Every structure is written in C-alpha cells, then in structure tokens.
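Remember, predicted model here, so these are calculated numbers, not experimental data. In what follows, every chain begins at residue 1, and chains take the letters A, B, ... in the order their sequences are listed.
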Protein chains: 2
Amino acid sequence: MPMQRNIRPMWWHGRFRGCGYRITAPREAILDVLSKSDDHLSAEEIYIKVHTYYPAVGLTTIYRTLDILANMGLIFKFDFGDSRARYELSEGPKGKKHHHHLICTNCNRIIDYADFIDEEIKLLEQTEKGLLKKYNFKSTNHLIQFYGLCEKCQ
Amino acid sequence: MPMQRNIRPMWWHGRFRGCGYRITAPREAILDVLSKSDDHLSAEEIYIKVHTYYPAVGLTTIYRTLDILANMGLIFKFDFGDSRARYELSEGPKGKKHHHHLICTNCNRIIDYADFIDEEIKLLEQTEKGLLKKYNFKSTNHLIQFYGLCEKCQ
DNA sequence: CTCTTATTGATAATGATTTCCATTCTTAAT
DNA sequence: ATTAAGAATGGAAATCATTATCAATAAGAG
C-alpha cells in the first residue's frame, strides 16, 4: 500500500538530494504542512496534520525530519518558552518574508511582525561584522524576540 | 539543625519581602551562588553548587526559587538550545552589565558581549515604541542572540 | 514564645524528545 | 523493469528536564 506521492519535483527536492537525503512521502507531507501553514507549529501539531492524510506516519519521523530540515536551514526552530519547540519554514520560494516575533507572556500568543525589520537587519549586519572582528565569531543566524503583553492581555 | 544564615540584610531582601516572600536559607544560598558566578548556570549546576554548602537543599526548591526570581525580574532565564534552561542575575547591584549572547552551534559555548549594545538598545527601544503603537503590544523585555561558530570551532 | 501558613524536600508524575531495532521503502546499478 | 544495499520508518521503551503532591518544617507577625 504505497502512499500517494507527488510526482512533480518540488522546489526543495534538489537541495534535499544534494544533501544525500532521500525523498519520501512523510517528508513531502511534512514540508507540505509547513508550507501551507502560517502558524508556528509544534512537532505534535504537525504530526496531527500529517496524520490526517497519512495515518501511517509516526511522531518519531516528524521529529527526525524536522531535525534534518532545521539543520539544512529549510526551517527555523523556535523556543517561545512554552516547553515545546516550534517550527516554521525559513525564507525561500514558499517561506514567509523574514520577520521577528512578539511573545505574550500571559496568553502565549505569538505575533509576527516585519515592521522595522529593515533597520533591525541593518544594525544586526553591522553588529555581526563587529563580532567577527572582535571575537572572531562567525554568525550564521540571529534571533530577536520581544516579550510582553498583547492587546487582549493588558 | 538550623542552617547558618547571613544576618545582615542583603540587597534583595527588601524587594523580596515586598513581594510577600520569606527569606530562607535556600533562597539566600541560591542568590549567593548566582551572584558569585559569571556563567549561565542551569538549575542542576546551581543545585550542585548550593548542595556543597547546604546538602539539605533539594532540586525542587532550586526550581521553585528560580521561578520566583525570574518572575520578580531578579534573574533572567535563557534557552540556548541545549534543552535546559539557564539562569543569570539580571542587572542590579550585583548583576553584570547588560549584555547579549553569542551561541556556538557546534560546541555550545556562550559568549557574552556588550559591544554595540548601546546602538542595539536604542534601536530596540524605538522598535518597542513602534510595536506598542501598531500592535498595542506592551513589551517588557527583549532577547537578542547570535548563532554561529566560535573561534575554535570554525 | 506561639500560632499561622509559607516553604521545603523526597518521591512520583509529566511530557517533550530520543533511542532502539526489526521491517519497509528509495534509489543506484544492473 | 529487477535487484540489492542501506537509508528511512514507526512503535515501544528510554531519557531527562521540569512539575505536582504532600506531610513535615521553619519564618516571622503578634
């Protein structure tokens, strides 16, 4: 009972193969779920969504795949302080525009914002250069988050 | 067998009492450990250090106290991606100067840096104002981290 | 000094993530 | 298309940081 598979090569297939990974139905399903969601999904949430279409896929595979995807840089892994990792597609053909997060410490809601991003990015790049010079630290990524109270919780 | 206690009121006693908390030996020991360490200690590391002087203190108390301290704003709780929370004294009489963190994704080393902080802070404050106006999000705190490779791991 | 109740520590429970391992599937080579 | 090698999978068990429980203890107001 082979799973239904999308024959047409997806945008990420090349990169995936290039890293020596095989294209499998669970992996396609996971990336499909991620690319169709605007939320910051947890492993279990992804599992449930994938499970709807492919009940055979196990939670273990979800974790394994997410780990690979994060290491490849196809997705970002976030910690918003609710003791479960959350994932979202990074920039790319299907990725949302680069953004940062506001985290409500009361209701745990996450708000994406991309305003002021340009100035932030500019400053961050400057900082990264400075860090490289002073600490010889080669930054590949950064994280900015604001914690506080959302509109409803104030 | 009462534990030895520091009679002289510490800098945080007032604030602690003000919040309705009692001053206890375990709490003093934990704050003492934090104020004498430059590292980003995990709950277990704190437990071990405290345990050296007060073997009677249990890990549960460590967690409970750290939670209170973090809620009061006396300490910061960080996640550096190694699946255990880490804590450090926030600014204050005994706190280090405000700084941000570089995280080596290879060896997990944490480097504190305070360079460029001024410009970063300025931008962050501007951003916070903008976020309040646009999203009515009242930010109380922010987080900036850089991920990459430290000198040794490149 | 006493009384109220916050605090404590040992133990058990929780819950997210990993490890194990026999089975199944992808894919390069035939 | 067929096959063989080993990558990938899923279910169960294991980890491991953090929490909940609860009877015993200690802080501190009066």
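Under the 6.0 Å cut-off for aromatic ring centres, A:H100 and B:H142 do not qualify, their centroids lying 6.0 Å or more apart.
Residues that satisfy the side-chain hydrogen bond (donor to acceptor under 3.5 Å, both in side chains) test with B:Y21, not counting sequence neighbours, are absent from this structure. Judged as a salt bridge (Lys or Arg N to Asp or Glu O under 4.0 Å), and not counting sequence neighbours, the contacts of A:K134 are B:D115. Annotation: ring-ring contact (aromatic ring centres under 6.0 Å, His included) contacts of B:H51 (sequence neighbours excluded): B:Y47. Residues forming a salt bridge (Lys or Arg N to Asp or Glu O under 4.0 Å) with B:E128 (at least two apart in sequence, or on another chain): none. With sequence neighbours left out, A:H40 forms a side-chain hydrogen bond (donor to acceptor under 3.5 Å, both in side chains) with A:E88, A:H101, A:D112. Legend: residues meeting salt bridge (Lys or Arg N to Asp or Glu O under 4.0 Å) with A:D67, ordered by chain and number and at least two apart, are absent. The side chain to side chain contact (heavy atoms under 4.5 Å, CB included) test applied to B:E44 returns B:S42, B:I48, B:R84, not counting sequence neighbours.
Residue A:T61 has no polar side-chain atom (N or O) positioned under 4.0 Å from OP1 or OP2 of D:dA8. The shortest distance between the side-chain N/O atoms of B:T24 and the OP1/OP2 oxygens of C:dT8 is below 4.0 Å. OP1 or OP2 of C:dT17 has at least one side-chain nitrogen or oxygen of A:Y63 nearer than 4.0 Å. Taking 4.0 angstrom as the limit, B:R27 places a side-chain polar atom (N or O) nearer than this to OP1 or OP2 of C:dT8.
In the hydrophobic clustering, where aliphatic and aromatic side chains (Ile, Leu, Val, Met, Phe, Trp, Tyr) are joined below 4.5 Å either directly or transitively, B:Y113 groups with A:L102, A:I111, A:Y113, A:F116, A:L124, A:L131, A:Y135, A:F137, A:I144, A:F146, B:L102, B:I111, B:F116, B:L124, B:L131, B:Y135, B:F137, B:I144, B:F146.
Within residues 66-89 of chain A, the residues having any heavy atom under 4.0 Å from DNA chain C are, by residue number, A:S83, A:R84, A:A85.
Separating the CZ atom of B:F16 from the P atom of D:dG28 is a distance of 10 Å, rounded to the nearest angstrom. Between A:I46 atom CD1 and C:dA16 atom P there is a gap of 14 Å when expressed in whole angstrom units. Summarising the geometry, the separation between CD on B:E45 and P on D:dA17 is reported as 11 Å, rounded to the nearest angstrom. Whole-Å rounding puts the A:R64 CZ to D:dG11 C1' distance at 10 Å. The distance from atom CD1 of B:I62 to atom P of C:dG9 is 8 Å, rounded to the nearest whole Å. Nucleotide D:dA8 holds its P atom 14 Å from the CD atom of A:E28, rounded to whole Å.
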Pair B:E28-B:M10, side chain to side chain contact (heavy atoms under 4.5 Å, CB included): steps then yes or no: CA-CA 9 Å; B:E28 293 204 279; B:M10 300 283 102; 3.9 Å; yes
What protein N or O atoms touch nucleotides 28-30 of chain C N or O atoms at under 3.5 angstrom, if any, and at what distances?
none

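B:S35 places a side-chain N or O within 3.5 Å of a backbone atom of B:L31 that can act as its donor or acceptor partner.
Checking A:Y21 against B:L59, the closest nucleotide of DNA chain D that is more toward the 5' end is the one next to A:Y21. Ranked by how close their nearest DNA chain C nucleotide is to the 5' end, B:R22 and B:P55 are led by B:R22.
End-to-end axis angle of the helix from C:dC1-D:dG30 to C:dT30-D:dA1, using five pairs per end and rounding to 10°, comes to 50°.
Residue pairs satisfying the side-chain hydrogen bond (donor to acceptor under 3.5 Å, both in side chains) criterion with at least one member in residues 68-80 of chain A, sequence neighbours excluded, are absent.
For D:dA12, its base sits under 3.5 Å from the side chain of A:T60 at one donor and acceptor pair at least.
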